[in-house]
Amino acid sequence: MQGRTLLSRSASFRPENLGPNALHLIGNLCFALFVIGVLTFTIIAATYQPEDPLLHPSTKLTSFLISTSNATFHADDSTAHTGDDFLTPNFTSDASSVITLSDISLSGDENGKSVKTDGDEATESGPHAVCADGPIKCADAEIFQIMMRAAIEIFSDIHFYRFGKPVQGGDDGMSCDMAWRFRPKNAKRTGFYKDYRRFEIARSVNCTYSVVKIRDYHTGINARKKRKSTKGGEVKHKGAPDSLSEVVVPVVGEVVNDTLPVVESESKFRSGKYLIYTGGGERCKSMNHYLWSFLCALGEAQYLNRTLVMDLSICLNSMYSLSNQDEEGKDFRFYFDFEHLRDSASVLDQHQFWEGWNKWEKKDKLKLYLVEDFKITPMSLGDVNDALIIRKFGTVEPDNYWYRVCEGETESVIQRPWHLIWKSRRLMDIVSGIASRMNWDYDAVHVVRGEKAKNTELWPNLAADTSPSALLSSLREKIDDGRHLYVATNEPDNSFFDPLKDKYTTHFLDDFKDLWDENSEWYLETKKLNSGVPVEFDGYMRVEVDTEVFLRGKKQIETFNDLTHDCKDGINTCRTAS
């Protein structure tokens with residue numbers, strides 16, 4: 001009996017049974033692997049949090065934000081890209097507008113072409129009137145021509161497009177202030193700049209005049225025109241533009257007028273249509289996240305032909321603050337060009353809006369339409385006639401992010417109006433000031449060190465590749481000796497780069513602190529904007545200015561492209577340029 005049992009147990013190992021048993025075993029293994037795969041996929045699907053949608057845009061404009069280049073400043077959360085980044089420099093057809101020495105006629109020369117100027121033409125006067133004792137007559141045509149020629153000769157790395165009429169400078173009567181509009185030669189960024197400087201002028205015994213000195217950037221304050229106040233109260237409902245061809249370009253250096261729009265009358269408020277986003281998870285997120293969501297709201301408002309009611313108070317994420325804590329109470333106008341937004345789109349500050357709403361809502365029987373589901377598309381709200389549409393967002397992330405409104409089928413309908421958001425022209429004026437002090441003739445290198453240099457597991461070569469000796473070796477073949485070299489870096493000790501001074505004239509952001517200290521235009525203007533409270537030049541502003549100065553260098557040397565083979569985001573994360 002026992003022998004038969006053993007035989008029956010070993011029957012499955014008989015040759016004729018091995019094939020079917022093997023197939024059965026393989027089938028069981030495959031099924032087990034399938035079950036494990038399904039479970040794994042289910043767990044990942046349940047716990048996966050998608051990346052910031054900023055990394056998955058759908059248009060050519062937004063594709064700029066996710067450059068796959070390993071360049072230091074590309075696809076970086078340090079600063080947010082804005083509409084002025086997308087403007088393509090194309091001034092080849094405008095070469096005839098550049099003012100050159102040959103265009104400026106000397107006294108008695110009628111061959112020069114008409115030079116474009118701001119304001120009234122300089123006055124013509126005879127030599128005796130010009131040479132009279134006393135203060136120089138800055139508005140005289142000869143003085144004007146001498147000043148223009150001196151500016152063009154001295155600032156040889158910029159193109160001049162317009163000169164302002166000279167005005168009296170200091171009290172000594174021997175100086176004149178003059179403004180001009182310009183662009184750097186071979187500029188990589190679109191836009192114009194404005195400078196105004198003080199010219200010290202000498203008068204010889206034989207009645208000839210010469211410019212003996214041109215003072216620093218923005219010293220000619222009497223030539224800085226005061227712009228008329230712009231009324232912002234009339235809410236104009238402007239839909240999305242048909243194209244971007246009519247978009248204007250920034251002029252850095254002009255007086256900024258970013259006063260808030262006001263509600264002019266009950267009738268105009270009553271006739272308006274408004275959209276407001278409330279709540280949500282945008283607070284204290286990165287600036288990229290904030291802009292991606294804000295532009296979704298602005299895009300919907302334009303699609304619905306409504307005024308966007310916006311909160312100008314921003315919470316600055318801890319990654320940008322000097323305290324390393326999230327900081328409330330920052331003004332939108334500290335970081336972005338509100339004047340351009342206000343004049344190009346229909347927006348209203350929420351405090352002014354609610355003041356008008358509380359005053360006239362019951363009297364005029366104004367109605368609101370509440371939307372609490374981001375899946376309700378803007379297309380379905382086109383027929384809503386109520387005065388106010390409120391999109392109310394909850395507390396559960398990521399479904400409470402504003403940008404969710406622009407996902408799905410809406411993505412192909414709502415176009416984010418990037419052209420409406422520019423960087424603060426006050427910050428860009430600091431950039432222009434730094435570049436001007438180097439006569440717009442400098443090269444730039446960005447050196448990433450800090451925590452990344454200390455983490456040798458993710459960046460094994462970074463510390464060695466960015467040491468002074470390694471930098472000198474890397475830059476030797478890229479930048480000529482004696483050049484002005486702007487060093488954008490997160491290395492706190494600038495003396496670390498002292499060895500570079502043997503080869504280059506080095507410059508760092510903190511070398512230009514006077515452009516934002518308590519005596520600067522930026523400080524005084526932002527203090528006034530902030531109800532008399534001084535504004536801190538915070539970490540975001542520092543990185544913004546540092547980045548923009550770097551990007552205006554004639555040569556730009558990146559850390560992860562040019563100085564080290566380490567990957568920007570750590571080992572094995574390098575991506576090839578698309």
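Quick caveat, the model's predicted, so the values are computed rather than measured.
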Pairing donors with acceptors under 3.5 angstrom, does anything connect the side chains of [X] and [Y]?
{"X": "Y320", "Y": "S286", "answer": "no"}
{"X": "H218", "Y": "D429", "answer": "yes"}
{"X": "R483", "Y": "Y504", "answer": "no"}

With no hydrogens and no angle check, is any side-chain donor or acceptor of [X] less than 3.5 Å from a backbone partner on [Y]?
{"X": "R426", "Y": "G253", "answer": "no"}
{"X": "Y335", "Y": "Y540", "answer": "no"}
{"X": "R183", "Y": "F160", "answer": "no"}
{"X": "N439", "Y": "D441", "answer": "no"}
{"X": "T559", "Y": "H446", "answer": "yes"}
{"X": "K213", "Y": "I201", "answer": "no"}
{"X": "D517", "Y": "N519", "answer": "yes"}
{"X": "Q556", "Y": "L551", "answer": "yes"}
{"X": "D511", "Y": "F508", "answer": "yes"}
{"X": "D337", "Y": "W422", "answer": "no"}

Salt bridge or not for [X] and [Y], using N-O below 4.0 Å?
{"X": "D157", "Y": "K554", "value": "yes"}
{"X": "R306", "Y": "E300", "value": "no"}
{"X": "K285", "Y": "D326", "value": "no"}
{"X": "R197", "Y": "D195", "value": "yes"}
{"X": "R425", "Y": "E339", "value": "yes"}
{"X": "K454", "Y": "E451", "value": "yes"}

Trace of the side chain to side chain contact (heavy atoms under 4.5 Å, CB included) decision for F199 with D177
CA-CA 6 Å; F199 291 66; D177 292 355; over 6 Å; no

Do the side chains of V448 and F560 get nearer than 4.5 Å, heavy atoms only?
yes

What is the distance from atom CG of D546 to atom OH of Y486, rounded to the nearest 0.5 Å?
3.5 Å

Return the set of residues passing salt bridge (Lys or Arg N to Asp or Glu O under 4.0 Å) with [X] (not counting sequence neighbours), or none when no residue passes.
{"X": "E548", "answer": "R189, K423, R552"}
{"X": "R283", "answer": "D311, E328"}
{"X": "R215", "answer": "E200"}

Within a radius of less than 6.0 Å around NZ of K392, do more than 12 heavy atoms belonging to other residues, nucleotides or ligands occur?
no

Around atom CG of N186, are there more than 12 heavy atoms of other residues, nucleotides or ligands at under 6.0 Å?
no

The side-chain contact (heavy atoms from CB on, under 4.5 Å) partner of R333 among L312, V256, T259 is L312

Check the pair W522, F537 against side chain to side chain contact (heavy atoms under 4.5 Å, CB included), reporting the backbone distance first and the verdict last.
CA-CA 10 Å; W522 178 87; F537 194 70; 3.9 Å; yes

Does the ring centre of Y277 sit less than 6.0 Å away from the ring centre of F393?
yes

Centroid-centroid under 6.0 Å between F269 and W360 rings
yes

Set out, in order, the CA-CA distance, both residues' side-chain angles and the distance that settles ring pair (Phe, Tyr, Trp, His ring centres under 6.0 Å) for W402 and Y290, then state yes or no.
CA-CA 9 Å; W402 294 2; Y290 168 78; 7.6 Å; no

Assess the residue pair W292 and R416 against the criterion (side chain to side chain contact (heavy atoms under 4.5 Å, CB included)); give the C-alpha distance rounded to whole Å, side-chain angles, the decisive distance to 0.1 Å, and a yes or no.
CA-CA 8 Å; W292 188 248; R416 284 177 170 83; 3.3 Å; yes

For Y401, all residues meeting ring pair (Phe, Tyr, Trp, His ring centres under 6.0 Å), sequence neighbours excluded
H289, Y403

With sequence neighbours excluded, residues passing side-chain contact (heavy atoms from CB on, under 4.5 Å) with N358:
W354

Applied to residues 345-358, the salt bridge (charged side-chain N to carboxylate O under 4.0 Å, His left out) test, sequence neighbours excluded, yields none

Geometric cation-pi criterion, R181 with F192: 6.0 Å, 45°:
yes

For ring pair (Phe, Tyr, Trp, His ring centres under 6.0 Å), just list the numbers for F182 and F155, CA-CA rounded to whole Å, side-chain angles, deciding distance to a tenth of an Å, and then say yes or no.
CA-CA 10 Å; F182 71 96; F155 305 118; 8.5 Å; no

